[in-house]
Protein chains: 2
Amino acid sequence: MATMQDVADRAGVTKQTVSNVMGNRGRVGRETAARVRAAVKELGYTPNLVARSLATGTTKTLGMLVPTLSGGFYSVLVEEVEDVLNRHGYHLLLCTTHLDGERARRHLAGLSSRNVDALLIAGDQDLPTQLPVLAEAPFPVALCAWETEAPDGYPVVTIDYERAGCLAGRHLRELGHERVAVIASPAHGARIEGFRRALAADGIVLADDDVHFAPEPTSTGGFLAAQAAFTADPEVTALFATHDILALGAIDAAKESGRAIPGDVSIVGHDDNDEASLARPALTTVAIPKREMARLAAEQLLRILAGAEEGTNSLHLLRPSLTVRASSGPVRAAR
Amino acid sequence: MATMQDVADRAGVTKQTVSNVMGNRGRVGRETAARVRAAVKELGYTPNLVARSLATGTTKTLGMLVPTLSGGFYSVLVEEVEDVLNRHGYHLLLCTTHLDGERARRHLAGLSSRNVDALLIAGDQDLPTQLPVLAEAPFPVALCAWETEAPDGYPVVTIDYERAGCLAGRHLRELGHERVAVIASPAHGARIEGFRRALAADGIVLADDDVHFAPEPTSTGGFLAAQAAFTADPEVTALFATHDILALGAIDAAKESGRAIPGDVSIVGHDDNDEASLARPALTTVAIPKREMARLAAEQLLRILAGAEEGTNSLHLLRPSLTVRASSGPVRAAR
DNA sequence: CTGAAAGCGCTTACAG
DNA sequence: CTGAAAGCGCTTACAG
């Protein structure tokens with residue numbers, strides 16, 4: 001590989017001048033610059049970014065930590081972030097944790113040793129115990145898709161999850177549902193709370209017993225939780241699943257128990273991942289602006305790197321919206 | 001951040017000795033090593049990998065190029081590769097192309113400037129024109145999920161796609177189907193060819209007109225292509241979709257036209273992505289060992305880097321298998 | 001406008 | 001077993 005010195009030799013200048021030409025920096029004579037550019041082209045010179053990084057302390061690389069790429073949620077966030085970075089000449093160092101705290105810690109150390117310029121963490125399930133470590137990170141860190149209370153000191157771009165739950169609850173109330181239950185993942189406290197609040201506003205009490213946790217975040221998990229819900233209250237007329245994939249399992253459970261959807265039971269999901277529109281009946285779900293969230297978080301980090309923003313400790317809450325499809329409908333007349 | 005020199009000063013040795021201790025390299029006295037390790041711990045020293053990279057020419061980073069992360073295919077490959085890398089102390093620089101050749105070219109240049117140790121390219125739809133550029137890459141390159149003829153000079157780990165098509169064809173033949181059609185993406189020539197061959201073995205001719213290309217690789221695309229198939233031959237009893245997501249659209253089209261699945265028409269997909277088992281009826285599909293493919297490709301690259309293997313120009317073909325679910329069944333009696 | 005020097009933080013022979 | 005020197009390929013002040 002040609003080096004900057006090679007280019008300098010060929011152009012009859014010093015490598016410092018080559019550096020200036022490459023960076024459009026320092027004033028370089030037109031004629032000299034042209035000679036340098038010619039040499040660059042002839043030699044097929046391309047700067048060694050590792051060397052530049054060592055000299056500048058900047059790598060034009062952003063790290064991103066996600067729990068997983070399976071399912072239609074985090075993979076979309078990653079895709080969007082990579083798009084933003086690509087537009088700005090940055091690259092993406094992607095790390096998955098599989099909810100393994102030790103693995104997250106290792107990744108943090110690795111990213112730090114590799115001098116990433118910034119880190120974006122998606123999802124709040126990863127770092128229960130890693131926050132202290134994070135605080136010492138020598139680069140800016142932003143958080144997104146954060147449902148629990150956001151820790152202090154970081155820019156956070158996330159969804160108003162409580163409002164999301166609210167939208168689901170309000171929707172079901174407007175359809176006249178009063179016997180409702182929730183199929184949930186444990187981490188989805190805010191959604192559940194919002195849902196509960198929306199019902200409470202109409203005097204409906206969602207008891208703790210009406211929340212059925214799925215044993216795993218899969219359609220099977222949703223299936224089992226829905227069965228539990230049907231057992232607990234055979235007259236239930238609506239189910240809110242805090243996760244689309246759980247809703248898919250709930251649809252199966254409803255069908256298997258002979259319930260028509262939405263005739264006998266309405267089902268509402270959350271996220272509006274691809275699965276939601278592919279379900280049959282197509283799933284009514286709370287849509288959250290995934291891509292926008294990812295984009296905003298990445299752009300904020302980039303602005304901080306550009307020195308255009310301080311950005312510590314901001315909280316940007318994005319609003320969810322309801323996507324009504326075929327799985328929800330008016331409550332059936334009492335039998 | 002503490003530097004190696006800081007550690008050396010504190011331990012009363014030279015930084016070269018610290019380097020040796022960190023790398024378990026060179027013979028260092030027990031007592032000296034202990035002092036160094038103590039200093040490392042006290043200072044919270046962590047080596048600067050960028051500096052190390054400049055000195056060694058190795059970055060412990062692997063680049064991966066994929067068309068997209070949407071859908072259940074490439075995201076799984078990426079996840080698996082990251083797992084492998086994580087086990088070996090490597091990191092993943094992830095690039096998506098969105099089938100944009102210019103973007104692929106830029107990424108190639110960026111990865112090369114960043115001195116990734118190796119590159120894994122998934123999918124053959126990206127680099128129609130970039131292969132010459134690739135040939136000059138200063139690092140080993142491996143290919144996976146390659147359906148068209150694999151270019152010479154690279155290790156390739158892929159699926160026997162023709163056999164995959166064969167399995168679908170044979171399955172439908174065994175169920176007695178003779179009027180069949182294909183719903184396809186243009187890039188899936190091998191699958192189609194295999195399917196055709198399997199039918200031909202039983203004397204059934206799949207004409208070019210029996211292959212209906214989807215206008216886009218989505219369930220809507222599959223829906224439209226399936227409609228075209230039903231129009232072209234209302235008596236068709238089986239559909240092979242070269243892509244699960246197309247099959248989902250085909251299921252909708254069948255239902256909408258009043259056809260029962262599999263009573264009136266059987267539908268077989270390809271890939272066995274998550275969507276397949278979530279479909280209703282659950283989709284019979286050709287399962288391909290995605291994770292194994294990704295793992296093998298990544299491991300081969302790692303072996304090449306370790307000098308344990310030459311590895312240029314090998315072709316590793318993985319065998320698909322058929323996953324029978326509810327969307328396929330015996331041909332109905334002729335009306 | 002251009003060049004000489006020092007430095008980024010490591011590793012790699014090579015002496016002792 | 002340990003140290004002094006040179007070098008990886010850039011950039012950053014600083015002179016001229």
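Protein chains get the first letters and strands the later ones, always in sequence-line order, with residue 1 at the start of each. All of these numbers come straight from a predicted model, not from anything done at the bench.
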How about [X] and [Y]: does a side-chain donor come under 3.5 Å of a side-chain acceptor?
X      : Y      : answer
B/T96  : A/E79  : no
B/N115 : B/T59  : no
B/S112 : B/E136 : no
A/E82  : B/H107 : yes

Under 4.0 Å between a side-chain N/O of [X] and OP1 or OP2 of [N], yes or no?
X     : N      : result
A/T17 : C/dC1  : no
B/S19 : C/dT11 : yes
A/T32 : C/dT2  : yes
A/T3  : D/dC10 : yes

Using atom [atom1] of [X] as one end and atom [atom2] of [N] as the other, report the distance to the nearest whole Å.
X      : N      : atom1 : atom2 : result
B/L49  : D/dC8  : CG    : C1'   : 15 Å
B/N115 : C/dT11 : CG    : C1'   : 16 Å
A/K60  : D/dT11 : NZ    : C1'   : 14 Å
A/K15  : D/dT11 : NZ    : C1'   : 9 Å
A/M1   : D/dC8  : CE    : P     : 16 Å
A/N20  : D/dT12 : CG    : P     : 9 Å
B/R30  : D/dT2  : CZ    : C1'   : 17 Å
B/L54  : C/dC8  : CG    : P     : 13 Å

Base paired to D/dA4 (Watson-Crick or G-U; both N/O distances under 3.5 angstrom): none
Sort out the partner of C/dA13 for me: Watson-Crick or G-U wobble, both distances under 3.5 Å, none otherwise. none
Toward the 5' end of DNA chain D, which comes first, A/R52 or B/G29, by nearest nucleotide? B/G29
Whichever of A/Q16 and A/A2 has its nearest DNA chain D nucleotide further upstream toward 5': A/A2
Are the side chains of B/H316 and B/T158 in touch, meaning some heavy atoms are under 4.5 Å apart? no
Look at all strands and tell whether B/T14 reaches a base, only sugar-phosphate, or nothing, counting heavy atoms closer than 4.0 Å. base
